[in-house]
Every structure is written in C-alpha cells, then in structure tokens.
Amino acid sequence: TLAGKGGLLLDFSAVKKEEQESLSTVAKKPAATWDLDDCRSWLMEASRSIAQQWIQDRKNGNNSIPNGTQEELEGKLVEHAITLNDALEAELKQQANSNGNGAGHGRGRVVTPRVTDMSKLGIKWQHSHERGSGGKGGVGGSGTEAHRKGGRTAGQILILKTAKKLGVILKDPFAGQAIHKELRSVISKQEAHKRKLQLEEASRQRLTQMKRKPWLQARAMS
C-alpha cells in the first residue's frame, strides 16, 4: 500500500506471514476475550513451549532449570496447566454465584409507595448521580451496576494473575514465573499485531484520499 505524500510503499506481507507463524489459533484471539476452553488450550500449548525453552536454556548453561527430560518437564507443566485451569474455573463459579446472589443482597423487600390522591403526583427529573435515575446509584442494579454483572472472562482473570500469584496457585514459583512470562509475550505480540493493523488501515485510508484528490480537483475546476 501507499502512504504519505511521497507515496511510501509499505509491504505488510512479511509482517502477516511472521504473525501467522508466531501466533497459534487461540493466541490470535485477544487474551482478554478467552473463555475457559481457550485458556486450557493456550496453557497446554504454553507447556510445550516452556519445556522446549527450558531445555534450550539448560544447554546454554542455566543451572536453575528443573531436572528432567523435555517430556518429563512438559508433563509436569501440563499438570500445572490443569491445576491453573481448575483455579480459573473456581473463580468463575465464585463470580457467577456472587453476581447471582448479589442483586438483593443487603436490601429488604421492595415496597411500592401508595398514594390516596393521584392528582397530587408530580414528576421530578433526577441527575445521573441520584438514586432511581438509572445512573450509578440507580435502583435494581441499573447503570454501571448492571455492567458489572457480566463479570470478568477467564482470560481477564488469568491476565490479572501476577507471577507470584501463579507460583502460589501451582506451588511452584519457577513454573509460575515461566507461565507469566509466556503470557506477557503473547499479549505483547497481540498488541503489536493490533498496532500494525491500525497502521495498515491508516495507510489504506491515505491511499484512498490520494486517489480521490485529483478527481476532486478536476471537478472543482470544471
């Protein structure tokens, strides 16, 4: 595509090829949108990738790598993946239960006010901060409260886990650090991919404007 006044040629074919080779099917989806199955699939893929990297690091003289063959290391990481996926599932269930039971939590029975003379009723317009307006303090979980009922996705919960927290869940700080590093690497690739798509779109729009400009000038002069 062409970009800029001088007609700079930007070739994105190599970029797309590189991205396709470096990102798996699951990893091509934004991590924040991953459901539980996506997290399970990615954790299984990460187990193999981490085991391969550990073997390579050991060959390069890293003495902190756990003992075992690549198959043994991968098997241990798969066990960790299952443990972590179970933890994510438990958090999702806890979140669902909290959302399901939270609608009426701390509130008594809703009573509809009664009046004896309907002619005395009036209308009062309320601001977004006032209760009953549907804003932040709206009745019945309206406004931002309703948005929170959706809760986080499994991917969002996973992203929010620090390396230390992952190590606690797995009872293996070294593996927790490796999984966290692998996840951050995927997220960085996804963000880079998004930026490149935005650049490609901007380039396409610029090319369209360049093609339209001579036509518009000719029309203005006619």
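Each residue takes its place number in the sequence, starting with 1.
The side chain to side chain donor-acceptor pair (under 3.5 Å) check on Asn62 picks up Ser64, with sequence neighbours excluded. Checked against salt bridge (Lys or Arg N to Asp or Glu O under 4.0 Å), Arg40 has the following partners two or more places apart in sequence or in another chain: Asp37.
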Applying side chain to side chain contact (heavy atoms under 4.5 Å, CB included), run through Thr33 and Thr153 and close with a yes or a no.
CA-CA 6 Å; Thr33 66; Thr153 64; 5.9 Å; no
Original post:
Should Glu201 and Gln205 be marked as a side-chain hydrogen bond (donor to acceptor under 3.5 Å, both in side chains) after you check the CA-CA gap, both sets of side-chain angles, and the distance that decides it?
Top reply: CA-CA 6 Å; Glu201 177 61 20; Gln205 291 179 3; 3.0 Å; yes
Item checked: Residues Ile159, Arg184; criterion side chain to side chain contact (heavy atoms under 4.5 Å, CB included); working and verdict -> CA-CA 8 Å; Ile159 290 171; Arg184 299 317 303 179; 3.8 Å; yes
Checking Asp57 against Gln53 for the side-chain hydrogen bond (donor to acceptor under 3.5 Å, both in side chains) test, could you report, in this order, the C-alpha distance in whole Å, the side-chain angles of both residues, the deciding distance, and whether it holds?
CA-CA 6 Å; Asp57 290 345; Gln53 185 61 49; 2.8 Å; yes
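Using a 4.5 Å heavy-atom cutoff, the side chains of Asp38 and Asp35 are in contact. Residues Trp54 and Ile50 meet the side-chain proximity criterion, which asks for heavy atoms closer than 4.5 Å. When side chains are defined from C-beta on, Ile82 counts as touching Asp86, because their heavy atoms get closer than 4.5 Å. With a 4.5 Å cut-off on side-chain heavy atoms, Lys194 and Gln198 count as touching.
The shortest heavy-atom contact between Ala51 and Leu77 is N-CD1, 3.7 Å. Of all the heavy atoms in Arg152 and Gln156, the pair that sits closest is CA-OE1, 3.2 Å. Pairing each heavy atom of Ala154 with each of Leu36, the nearest pair is CB-N, 3.7 Å. The heavy-atom pair separating Leu183 from Trp34 by the smallest distance is CD1-CZ3, 4.0 Å. The minimum heavy-atom distance between Ser41 and Val26, with the atom names listed, is CB-CG2, 3.7 Å. Here the closest heavy-atom approach between residue Gly155 and residue Cys39 is recorded as N-SG, 3.7 Å.
A distance of 10.0 Å separates CE of Met44 from CD of Glu74, quoted to the nearest 0.5 Å. With values rounded to the nearest 0.5 angstrom, Ile65 atom CD1 is found 8.5 Å from Ile55 atom CD1. Atom OG of Ser47 is separated from atom NZ of Lys76 by 12.0 Å, given to the nearest 0.5 angstrom.
Counting non-hydrogen atoms of neighbouring residues, nucleotides and ligands closer than 6.0 angstrom, the CG atom of Asn60 exceeds 12 such neighbours.
No donor-acceptor pair under 3.5 Å is formed between the side chain of Glu191 and the backbone N or O of Ser188. In this structure, Asn97 contributes its side chain and Gln94 its backbone to no donor-acceptor pair below 3.5 Å. Formation of a donor-acceptor pair under 3.5 Å by the Ser203 side chain with backbone atoms of Leu199 is not found in this model. The backbone N or O of Lys29 sits less than 3.5 Å from a side-chain atom of Gln190, completing a donor-acceptor pair.
Hydrophobic clustering of Ile, Leu, Val, Met, Phe, Trp and Tyr side chains at less than 4.5 Å, counting indirect connections, unites Leu43 with Leu92. Under the 4.5 Å side-chain heavy-atom criterion for ILVMFWY residues, a single connected hydrophobic cluster contains both Leu88 and Ile187.
One finds a salt bridge joining Lys161 and Glu91 here, because a Lys/Arg side-chain nitrogen approaches an Asp/Glu carboxylate oxygen to under 4.0 Å.
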Mind listing the side-chain donor-acceptor pairs of residues 169-182 below 3.5 Å, one per line with the distance, residues two or more places apart or on another chain?
from, atom 1, to, atom 2, distance (Å)
Asp172, OD1, Phe174, N, 3.3
Asp172, OD1, Ala175, N, 3.2
Asp172, OD2, His80, NE2, 3.0
Glu182, OE2, Ser49, OG, 3.0

